[in-house]
There are 2 protein chains.
Amino acid sequence: MSKFVLGLDFGTESGRALVVDVATGQIVGTAVHRYADGVIDEHLPGTSITLEPDTALQNPTDYIETLQRAVPAALKQGGVRADDVIGIGVDFTACTILPTRADGTPLCLLDEWKTHPHAWVKLWKHHAAQPEADRINALARERNEPWLALYGGIVSSEWYHSKTLQILNDAPEIYRAADKIVEGGDWIVWQMTDALKRNACAAGYKALWQKGLGYPSHDFLRALDPRLDRLNETKLAGEIVAPGTRVGWLTERAARWMNLRAGLAVAAATIDAHAAVPGTGVTEPGRMVLILGTSTCHMILDRAQHLVPGISGVVEDGILPGLFGYEAGQVGVGDIFEWFVEHNLAAWYKHEAETRGTSPYQLLEEEAAKLEPGESGLLALDWWNGCRTPLVDANLSGLIVGMTLGTRAPEIYRALIEATAFGTQIIIEAFEQNGVAVKELVACGGLAERNKLLLRIYADVTGREFIEAGSGYTSALGAAMLGAYAAGGAAGGYASVTEAARRMFPAQRVSHKPNAMSHATYQKLFAEYRRLHEYFGRGENDVMKRLRALRNEIAQKG
Amino acid sequence: MSKFVLGLDFGTESGRALVVDVATGQIVGTAVHRYADGVIDEHLPGTSITLEPDTALQNPTDYIETLQRAVPAALKQGGVRADDVIGIGVDFTACTILPTRADGTPLCLLDEWKTHPHAWVKLWKHHAAQPEADRINALARERNEPWLALYGGIVSSEWYHSKTLQILNDAPEIYRAADKIVEGGDWIVWQMTDALKRNACAAGYKALWQKGLGYPSHDFLRALDPRLDRLNETKLAGEIVAPGTRVGWLTERAARWMNLRAGLAVAAATIDAHAAVPGTGVTEPGRMVLILGTSTCHMILDRAQHLVPGISGVVEDGILPGLFGYEAGQVGVGDIFEWFVEHNLAAWYKHEAETRGTSPYQLLEEEAAKLEPGESGLLALDWWNGCRTPLVDANLSGLIVGMTLGTRAPEIYRALIEATAFGTQIIIEAFEQNGVAVKELVACGGLAERNKLLLRIYADVTGREFIEAGSGYTSALGAAMLGAYAAGGAAGGYASVTEAARRMFPAQRVSHKPNAMSHATYQKLFAEYRRLHEYFGRGENDVMKRLRALRNEIAQKG
């Protein structure tokens with residue numbers, strides 16, 4: 001008799017339930033619940049209370065409704081009985097945090113606080129805490145905090161302490177009323193098990209937690225704001241466990257929500273991007289997972305801690321137990337291609353795509369695929385959104401060089417793809433120069449599924465084999481693997497995440513091997529890219545920053 | 001009783017006749033004759049003889065038909081009697097040359113030669129003589145020829161010696177059969193007067209003639225090819241006179257073609273672009289004339305000869321008698337804007353332009369005009385077609401820096417205009433740093449008529465008043481002024497071109513004065529432009545050339 005695990009993937013607009021055969025990894029059922037309130041960025045639901053710019057909130061009721069609706073639908077689709085489900089794993093966006101009472105009740109669901117924006121879930125892309133992030137960075141640099149280098153030297157406005165400090169600054173009464181301020185992933189597991197533990201992934205990558213060091217010190221917190229003094233022991237309290245660690249057992253109440261039986265193993269959550277590492281079958285050092293979307297996350301495992309400039313973070317146990325998980329990133333990838341197609345593509349191409357019954361993206365990909373490396377004569381710096389790894393500089397901007405009157409859209413499109421590939425090669429070199437080996441690339445994410453030319457170009461630029469992950473539900477599959485580990489071998493699951501990933505990852509893999517001639521040409525082009533990268537990115541000519549400063553100055557006057 | 005002069009403007013696709021009141025400059029009649037054979041670049045007319053790539057020929061019969069059709073039509077439109085016309089002036093494209101018999105008969109009109117491409121008129125944009133130009137440049141550099149620096153250090157494939165050497169190389173029998181190889185402007189005057197003189201403008205700017213030095217020496221010609229030994233004394237022979245000098249009197253035959261009376265004064269021709277200098281009322285140093293079109297010509301007069309890097313040429317008497325005429329240029333201006341609108345403008349803008357009942361150019365101009373200097377955050381190098389003055393480098397290419405995901409088409413369009421303005425400022429500085437004062441700008445050409453934003457930006461960038469020339473027929477009006485000078489004061493004309501220009505130039509002028517605040521901002525941006533200009537243009541980082549070399553290498557393999 002087959003046994004099954006559930007992978008629950010909580011995204012930005014919806015939550016997904018995946019029912020997976022534990023033995024084979026086969027996906028037998030899946031269902032999506034679209035959040036009723038989605039991303040809340042204009043008004044608080046059911047009120048006329050308007051929100052500040054850069055605010056992005058969510059309603060925790062949407063998470064519970066995902067359990068209530070998506071799980072039973074996925075079980076039904078798979079024809080899976082409740083008795084045959086042995087474990088549940090969760091992945092969640094992060095840093096997505098909410099203030100709660102000691103019993104887990106979100107403040108925003110209480111009449112007393114529900115009209116206050118700061119009582120609601122702050123979604124990962126809530127960007128209103130930039131002043132708080134600036135303060136944290138200045139103080140950390142000033143005090144030379146030991147953890148700063150592990151985060152590439154900069155704390156994001158998206159992260160836990162920035163968002164928490166914003167609550168304290170803007171709504172001290174909410175801060176006081178919150179017994180806990182907790183990641184959404186940990187909160188939903190808490191709701192299913194009545195146990196609050198903190199997953200090392202979100203704690204490590206978003207709340208500056210490091211094994212051995214813990215969270216930022218009392219001294220640091222007091223210097224930031226005396227009222228933060230006891231943060232670690234109160235609102236942040238909770239045992240920290242590696243993703244997949246069994247947090248507890250499904251309660252009667254939560255079992256009823258999902259038409260499951262009580263007593264199932266529930267795994268500690270993980271971040272959605274990080275779930276993609278086991279989700280693509282990667283459990284060992286040397287294989288870099290690229291989650292290709294509007295931006296790109298680069299995840300890689302290693303047995304040791306190394307300092308790599310400009311990475312988003314390195315966290316022991318952060319991705320898989322017993323290994324150091326590294327996260328790096330490019331802040332503009334798919335969104336640069338979208339910018340080009342939406343705002344700079346001539347009418348002819350849209351018309352031609354319609355005539356051929358295809359999309360402008362597909363048409364450009366077909367035409368760009370006919371070009372050889374170097375044939376366009378173009379080179380770009382992929383900094384439309386700034387540069388995360390390795391320069392950590394949001395004030396850099398995009399550049400294209402080599403245009404002639406004969407330059408056409410497919411050439412520019414290809415040059416933009418190539419630029420993002422060069423950006424990835426810079427990141428690979430940053431890792432390798434600092435002791436983290438990168439032997440092979442593994443692709444997942446929407447862009448990897450849609451754009452095969454991109455995979456080929458990345459293989460040719462990096463000179464490395466680029467594997468397409470087989471599943472369309474990489475993160476949810478990774479979450480299901482964590483559920484199988486939480487269930488344990490005795491219950492029909494696995495004794496380690498590694499074993500779960502090896503057994504549950506689909507066998508078929510599509511490989512893009514580098515072409516030696518193309519790689520040789522791209523090495524020449526990459527040398528040019530690197531030179532411009534250094535020239536414009538490291539202070540030799542700060543024209544990008546001066547242009548932006550001038551633009552901002554004019555915008556402020558206007 | 002009013003007296004009139006004719007200005008005859010021989011362009012690329014058609015010839016225009018302008019009838020102008022000598023006393024007031026008022027245009028009373030005009031007519032265009034579209035050349036029957038136009039630009040011949042595929043087959044010789046009436047044959048199946050196909051032409052080599054980069055060939056561009058014309059049929060001299062089209063020039064005669066312009067006299068026969070456009071002149072009578074223009075006279076009729078103006079209600080002007082033959083007896084009231086006192087002089088004829090001519091401007092012509094250059095270098096546009098044809099081989100003829102000693103009596104002026106074009107070889108291509110003889111049965112013996114008419115099936116041979118090299119017997120026909122080589123139009124200015126015939127670009128097939130690049131190997132010959134390369135050879136001339138190499139030899140001139142090797143021999144350190146005294147004239148080379150006067151042409152910015154480089155001879156164009158469009159010029160007289162390149163084209164003539166191509167005839168000699170590819171068709172020595174035509175070269176031998178040609179008694180003369182003559183500029184189209186000198187040929188049409190020869191046809192009208194039975195006198196062959198060479199205008200100093202075409203001789204100076206296109207055939208390397210310099211007052212005092214003459215044409216390139218026998219030694220140089222022999223080193224180039226022993227068969228060129230007697231070029232100066234045979235095929236190039238003829239007195240050299242300043243444009244506007246009276247060459248002779250209208251013959252009976254030519255008078256019949258045009259319904260005019262014989263004995264009229266006919267002026268030595270000039271090049272169309274150079275005719276625009278008197279045609280915009282400029283007869284003195286300090287006022288730079290910009291002929292704004294797909295590319296831009298910069299013309300300025302000075303009392304002395306200075307060496308200015310990268311100019312197209314400096315020629316004494318070349319534009320006006322008694323002054324040194326300087327020509328500089330930007331090889332990509334309007335064609336960069338056209339490239340952007342035709343190949344890179346999103347469908348939305350074309351659709352919106354249609355909805356508003358305007359053109360995409362007009363829409364972009366309106367939207368771009370709403371932006372402040374610096375507001376786009378963009379900066380471009382205007383080298384889509386390479387750079388003429390001051391770098392003389394066809395292998396440079398276009399660059400844009402500063403793009404973000406928020407960058408939109410009107411911002412790019414404005415940045416491209418600004419880039420060409422910065423390119424003009426670089427040229428102005430090259431002149432001023434080498435002793436040629438530039439106090440004011442005068443605009444003519446199609447782009448000046450269409451794009452008022454451009455004029456405003458150029459005024460703000462250069463910090464100089466920019467005057468719009470009032471006439472839509474600048475070159476033809478300049479030619480008419482030359483005709484008035486050739487007629488002389490006694491016949492009702494003028495004793496100098498300067499006097500003719502002062503009296504015949506329309507009084508109304510539109511002025512674009514620089515805005516002090518915009519100029520201050522543009523000085524900051526220009527400093528950034530200059531820095532990138534130096535970095536990419538003068539060898540510090542030759543990435544543009546390496547990208548192009550790689551592209552060419554791949555194209556050759558393919």
Side-chain angles (χ1 to χ4, degrees), chain A residues 332 335-336 338-339 341-351 360 371-381 383-386 397-409 412 521 524-525 527-528 531-532 535-536 540-541 543-544 546-548 550-555 557-558, chain B residues 332 335-336 338-339 341-351 360 371-381 383-386 397-409 412 521 524-525 527-528 531-532 535-536 540-541 543-544 546-548 550-555 557-558:
Chain A
D335 52 8
I336 301 178
E338 188 183 329
W339 169 85
V341 171
E342 293 304 316
H343 299 293
N344 297 275
L345 187 62
W348 183 87
Y349 293 92
K350 296 224 168 165
H351 180 75
L371 298 167
E372 299 284 324
E375 191 176 348
S376 70
L378 299 175
L379 183 64
L381 287 177
W383 294 341
W384 267 248
N385 234 344
S397 56
L399 176 144
I400 310 180
V401 59
M403 274 87 73
T404 71
L405 296 177
T407 299
R408 294 293 176 269
I412 299 175
T521 303
K524 291 183 200 167
L525 287 169
E528 303 293 350
R531 191 158 166 196
L532 294 178
Y535 179 74
F536 288 107
E540 195 175 341
N541 185 348
V543 56
M544 291 175 180
R546 289 189 296 269
L547 288 173
R548 186 179 292 254
L550 184 59
R551 187 192 76 173
N552 292 348
E553 197 184 298
I554 290 158
K557 276 189 216 153
Chain B
D335 52 8
I336 302 178
E338 189 184 329
W339 169 85
V341 169
E342 292 305 316
H343 300 292
N344 297 275
L345 187 62
W348 183 87
Y349 293 93
K350 297 222 168 167
H351 179 75
L371 298 166
E372 299 285 325
E375 190 177 350
S376 70
L378 299 175
L379 183 65
L381 287 176
W383 295 339
W384 268 248
N385 235 344
S397 55
L399 177 143
I400 309 181
V401 59
M403 275 87 73
T404 70
L405 296 177
T407 299
R408 294 293 176 268
I412 299 174
T521 303
K524 291 183 199 168
L525 288 168
E528 303 294 348
R531 190 158 167 195
L532 294 178
Y535 179 74
F536 288 106
E540 195 175 340
N541 184 348
V543 55
M544 291 174 179
R546 289 189 296 269
L547 287 173
R548 187 179 292 252
L550 184 59
R551 188 192 76 173
N552 293 347
E553 197 183 299
I554 290 158
K557 275 189 217 154

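So that the names make sense, note that chain A is the first sequence line, chain B the second, and so on, each numbered from 1.
Expressed to the nearest 0.5 Å, how far OG of Ser397(B) lies from CD1 of Ile400(A) amounts to 11.5 Å. In this structure, Asn344(B) CG and Ile412(A) CD1 are separated by 4.5 Å, a value rounded to the nearest 0.5 Å. Distance NE2/His343(A) to CG/Leu345(B): 12.5 Å, rounded to 0.5 Å. The structure places CG of Leu550(B) at 9.0 Å from CD of Glu528(A), a figure rounded to the nearest 0.5 Å. Leu379(B) contributes atom CG, which lies 5.5 Å from atom CG of Leu547(A) (distance to the nearest 0.5 angstrom).
Heavy-atom distances place no part of Leu381(A) under 4.5 Å from chain B, backbone and side chain included. For Trp384(A), the parts lying under 4.5 angstrom from a heavy atom of chain B are both the backbone and the side chain. For Glu372(A), the part lying under 4.5 angstrom from a heavy atom of chain B is the side chain only. The contact between Glu342(A) and chain B is made entirely by backbone atoms, counting heavy-atom distances below 4.5 Å. Proximity to chain A (any heavy atom under 4.5 Å) is shown, for Asn541(B), by both the backbone and the side chain. For a residue to count as touching a neighbouring chain, one of its non-hydrogen atoms must lie under 4.5 Å from one of that chain's; by this rule Thr407(B) touches chain A with backbone and side chain alike.
In terms of non-hydrogen atom pairs under 4.5 Å with chain B, the most contact-rich of Glu375(A), Arg548(A), Glu338(A) is Glu375(A). With respect to chain A, the highest number of heavy-atom pairs below 4.5 Å among Tyr535(B), Trp383(B), Trp348(B) belongs to Tyr535(B). Ranking Gly406(B), Gly402(B), Ala527(B) against chain A, the residue ahead of the rest is Gly402(B), based on heavy-atom pairs under 4.5 Å. Considering only heavy-atom pairs separated by less than 4.5 Å from chain A, the leading option among Ile336(B), Leu525(B), Leu399(B) is Leu399(B). When the candidates Arg531(B), Met544(B), Arg546(B) are compared by the number of heavy-atom contacts under 4.5 Å with chain A, Arg531(B) comes out ahead. No other option in His351(A), Arg408(A), Lys350(A) has as many heavy-atom pairs under 4.5 Å with chain B as Arg408(A).
Inter-residue side-chain proximity for Arg551(A) and Thr404(B) is flagged as met; some heavy-atom pair is nearer than 4.5 Å.
For the pair Leu405(A) and Trp339(B), the tightest heavy-atom approach, listed with the atom from each and the gap, is O-CD1, 3.0 Å.
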